[in-house]
Every structure is written in C-alpha cells, then in structure tokens.
There are 2 protein chains.
Amino acid sequence: MPYSYQYPHPAVTTDIVIFTIRQQLELLLIRRADEPFKDCWALPGGFIDIDEDLEHCALRELEEETGVTGVYLEQLYTFGTPGRDPRERVISIAWYALVPPDRMHIRAASDAREVAWFEVRKLPPLAFDHKDIVALAHQRLSAKLNYSTIALQFMPEKFTLSELQQVHESILGTKLDKRNFRKRVAALGCVKETGEHRRDGKHRPARLFTMTSPGTVEIVK
Amino acid sequence: MPYSYQYPHPAVTTDIVIFTIRQQLELLLIRRADEPFKDCWALPGGFIDIDEDLEHCALRELEEETGVTGVYLEQLYTFGTPGRDPRERVISIAWYALVPPDRMHIRAASDAREVAWFEVRKLPPLAFDHKDIVALAHQRLSAKLNYSTIALQFMPEKFTLSELQQVHESILGTKLDKRNFRKRVAALGCVKETGEHRRDGKHRPARLFTMTSPGTVEIVK
DNA sequence: GCAAAAGTGTTCCAGATACACCCATGT
DNA sequence: ACATGGGTGTATCTGGAACACTTTTGC
C-alpha cells in the first residue's frame, strides 16, 4: 500500500448523467461487472486521477463511454453520504452532459461491459444513490429549459422547429403549443433558417434551421 | 503514517461563504495562521472527517465560527483544480450560509485567530481560489432573489419592509422602487404583520412584519 | 381527395415598471 | 415648522397562455 497519509482520505469519483434525445429523453447506463451492486445498472464514472482536473475527469469518462468531445457538460452536485459505497468512503462529484444523438459512437463491446441507453421514465433499479443523481440532473435540465438556450445542445447541425419542440416536450414531459413555442424561439434569436428543407413523409417539407451561436448556452429572460 | 491506500487519494475539505447583512452584505473571513498564504484572509473551512456527512461538515464549520445553528445552508460548487493548494491535492466542496445578524456570536478570540466581517464589495486579497468561490456564491445568491424567498433568511424575527428592501438592495447592488417592492412582497404572501410598530427616529414608526413560514425558502414565480 | 405534419395571428391576462405625494414622528 | 423615513395607487408595457385554420406534400 504505497500511498500513505497522516489522516484518512476519502476516495473521490466522478459520475456522469449522459443525456441524449432520440424519440424520448434517454441516458446512458453501464451494467456493473463487480461487487458491490454486481450486475446492477449504474451511471458511468470512475476515480479521479490525483493530478487531474475535476472537469477533465468527467470529460474523460464521457469520451470513454460515448466517443464524443466538445459537448455540453455541467457540474451538478457533490454526493458524499457516508455508506453510499459499502467499500470505503467515496465522495462523488456528479456532472451531466448533453449529447446530440448523431454525435456519439458507443464503445460498447470494447471491454465486454454491457452499455445501454434507457428512457429516463423507464429506468431499471440503479446502484448506489444513482437514482437521486439522475433525479437531480433531470430537474436541473428541466429548469434550465425555461431560462436558457440549453435545449439546442441536443440538436444536430440542422434541425426543424418541430424537432426542437419535441426535445423540449420530452424533457418536460408535457405537450407545448406549436405557435407559442415558435414565437418564443423566434424572439430569442437563437436559431436561423438555412434556406434548406427536409422532406421525409407524405406531408409538407419542413424548413431546416441551425444555431446562431453553436456551442454556447445563453441565459435568457 | 497510519492511513494507506492502494491508489493516491486527494484531501477533501469544505469551505463556507458565510453571509450576513448589517448595513451592507458582508461575509466572514479568517486570517490564516500558517503557510501557505500565512496571514492572508481566507474562507472558513476545514478537512472533512472520514465518517462525516458533507453537510454536517459545513454545519460544523459554521457553528465553530459563528455559533449559529439552523440557518440557511446550500451546497454551491466543488473546486478541485490541481495546484489550488500547494501542499497536496485538495478538493473543496464549497457551501454558502445566510446568517441573520442578531443570531451570531463570533468566537473570535477563543483560539487567538483573527476573524472579521468584510463587505462583499471591499474584500482584501484572498487565499487559494477563494475569490472565485465568493464570486460564485454572490452570483447564486443574487439570482435566487428573483425566484425565491431566500432574502427572508437574513431577517431577524421581526423586521420592517424597508429593512427587507435594504437586504435586497445590498445583495443586488441596486436601488429598488419602494412601491413595486412592497407590491411584490405582498403578492408573495411570505410575510405578515405582527401589529407592532418600531419607532427609531424622528419619523413615522414602521410596522413590524414576520415570516409566514419561518425556516423555509420557497421557489416562486 | 385524403392523410399527415408544416406553418401562421389575435386576443386576453398577469405581472413588471414607471412615477409623486401625503403621513406620523422628533426636534 | 421642518426634517426624516413610512406609507400608498394608477397607467402602461411586456411576455405568456389560449386557441383553429390553411398549406404542402405523398400516396
């Protein structure tokens, strides 16, 4: 045991709630291969390197699981109730990330672990206190819809207004009025028309939009 | 060195921004007695006990410095940039607390440390990254004024509406309109008249109010 | 021509803002 | 009587909410 201290030190980990939206709001879980909570689903995460920045640790986990870089990542809360991990005292800094569905490439089979997306409203039992972490992340995300342009972080480069509305609806779990939604988006000025259209069914083609300030989340209202 | 681990563990501390309001928004600082940053002002804080809940650690620091219990306390953010403490890797969970000025009894001379209140807008240079922590706490507090009843946590049991308005103004750093302020407070229903008055100068006595739900902070609007 | 999603305006209400004068007291 | 802070009401503006029909396409 080569690392010794005069006083006991807790272990510090990072857990990430990785959200995406396909038909519904989904998040990434990993089936645990070891005790405790063996075979139980859990958030991706891991121990922080001793010289590693907190955010870097979260980015590293995110990249390992999804292959994505440059997506929205925000620190959520720090969980550290004694006993939350039965092995030793573990303090976990929780983050959440928003990944556009076209950006990721799950490295599922690479290390024989089981990795899967679950709808937020149909989660299996989770290891540790991860249910609390997910609940807080979802709550924070919902709240931010009302005063920021965070929903755009889920969108691919080009998207229709109906798709953006579906993103809002699947996060909030409610239906929105189409005209009011579009009025608000227009007032914010956070999207602009590309001039292109998408035809994808037996109905009128939809205009394609793009973000005016990609990569930035503005606080509004 | 009796505490050994297979992998290196960071130290984990808690720092607290303890706010109060007298004439202005103030916070509590302690002059450091030891290196690093010897003689520099710093936030109160300390190492977490290995079996201690995170919030308990913050409450303990708060109680040690101010003698108060039962005041508003909220986790702020976790800071852990490598090198923020030159001695070893330290990850600090920052909190902020709101203390009504009549509730506290600083235990200043008890251990010969220098402890003092500073106006938020006139802070001395701070140790470590404490300037960033203070800035974030102040920003969070300001934001919460607009969608919660958090300001009441600064008030003594009985207070005038002008005093409550001064609390808002000193946090925001702006003047507010008296009539609009009172209309909003009345609409929230978060205070009620006691029927008493306070006379404290050569002017009309002010009505005294009290909280309708002491100890709770409601999210509003 | 019909099914399906895209697109578009107006009315109404609530809450925020701007703004100026009288009241009760101490000296 | 005057200085000081306490106390009050109205008009206006702005943003959110409710609400239904026409357009363009594929089949």
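Every chain is numbered from 1 and lettered A, B, ... according to where its sequence line falls, protein lines coming before strand lines.
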**Prompt:** Quick one, which residues of residues 139-178 of chain A touch DNA chain C with a heavy atom under 4.0 Å?
**Reply:** A:Ser162, A:Lys178
May I have the distance from [X] (atom [atom1]) to [N] (atom [atom2]), rounded to whole angstrom?
X: A:Leu208; N: C:dA6; atom1: CG; atom2: P; answer: 11 Å
X: B:Phe209; N: D:dG6; atom1: CZ; atom2: P; answer: 12 Å
X: B:Arg179; N: D:dG5; atom1: CZ; atom2: P; answer: 18 Å

**Message:** Looking at every heavy atom in both B:Pro44 and B:Ile30, which two are closest together, and how far apart are they?
**Reply:** CB-CD1, 3.7 Å
Indicate yes or no for a side-chain donor-acceptor contact from [X] to the backbone of [Y] under 3.5 Å, with no hydrogens or angles considered.
X: A:Thr149; Y: A:Val217; answer: no
X: A:Thr14; Y: A:Cys57; answer: no
X: B:Ser148; Y: B:Ile150; answer: yes
X: A:Ser92; Y: A:Ala94; answer: no
X: A:Arg31; Y: A:Glu114; answer: no
X: B:Thr212; Y: B:Gly189; answer: yes

Pairwise N/O distances under 3.5 Å, protein to nucleotides 13-16 of chain D:
residue	atom	partner	partner atom	Å
D:dG16	OP1	A:Arg184	NH1	3.3

Sequence neighbours left out, cut at 3.5 Å: what donor-acceptor pairs do the side chains of residues 201-210 of chain B make with other protein atoms?
residue	atom	partner	partner atom	Å
B:His203	NE2	B:Asp200	OD1	3.4
B:Arg207	NH1	B:Glu193	OE2	3.1
B:Thr210	OG1	B:Glu157	O	2.9

**Prompt:** In degrees, rounded to 10°, what is the bend between the two ends of the helix from C:dG1-D:dC27 to C:dT27-D:dA1, using five pairs at each?
**Reply:** 10°
**Message:** Taking the basic N atoms (NZ, or NE/NH1/NH2) and the acidic carboxylate oxygens, is any pair closer than 4.0 Å for A:Glu163 and A:Arg198?
**Reply:** yes
**Prompt:** Which residue pairs satisfy the salt bridge (Lys or Arg N to Asp or Glu O under 4.0 Å) criterion with at least one member in residues 179-189 of chain B, sequence neighbours excluded?
**Reply:** none
My understanding is that only residues two or more places apart in sequence, or in another chain, count here; which of them pass ring pair (Phe, Tyr, Trp, His ring centres under 6.0 Å) with [X]?
X: A:Phe118; result: A:Trp41
X: A:Tyr147; result: none
X: B:Phe37; result: B:Phe128

**Request:** Name every residue in residues 194-204 of chain B that has at least one heavy atom under 4.0 Å from any atom of DNA chain D, in order of residue number, or write none if there are no such residues.
**Result:** B:Lys202, B:His203, B:Arg204
**Message:** Using OP1 and OP2 only, check whether a side-chain N or O of B:Arg207 sits under 4.0 Å from D:dT8.
**Reply:** yes
Look for any protein N or O under 3.5 Å of an N or O in nucleotides 10-13 of chain C and output each such pair with its distance, or none.
residue	atom	partner	partner atom	Å
C:dT10	O4	A:Lys183	NZ	2.7

For residues 129-138 of chain B, dump all side-chain donor-acceptor pairs below 3.5 Å to protein atoms at least two apart in sequence or in another chain.
residue	atom	partner	partner atom	Å
B:Asp129	OD1	B:Arg84	NE	3.3
B:Asp129	OD1	B:Arg84	NH2	2.9
B:Asp129	OD2	B:Arg84	NE	2.7
B:His130	ND1	B:Leu43	N	3.0
B:His138	NE2	B:Ile171	O	3.0

**Fill in**
Contacts of B:Thr69 meeting side chain to side chain contact (heavy atoms under 4.5 Å, CB included) (sequence neighbours excluded), chain-then-number -> B:Glu63
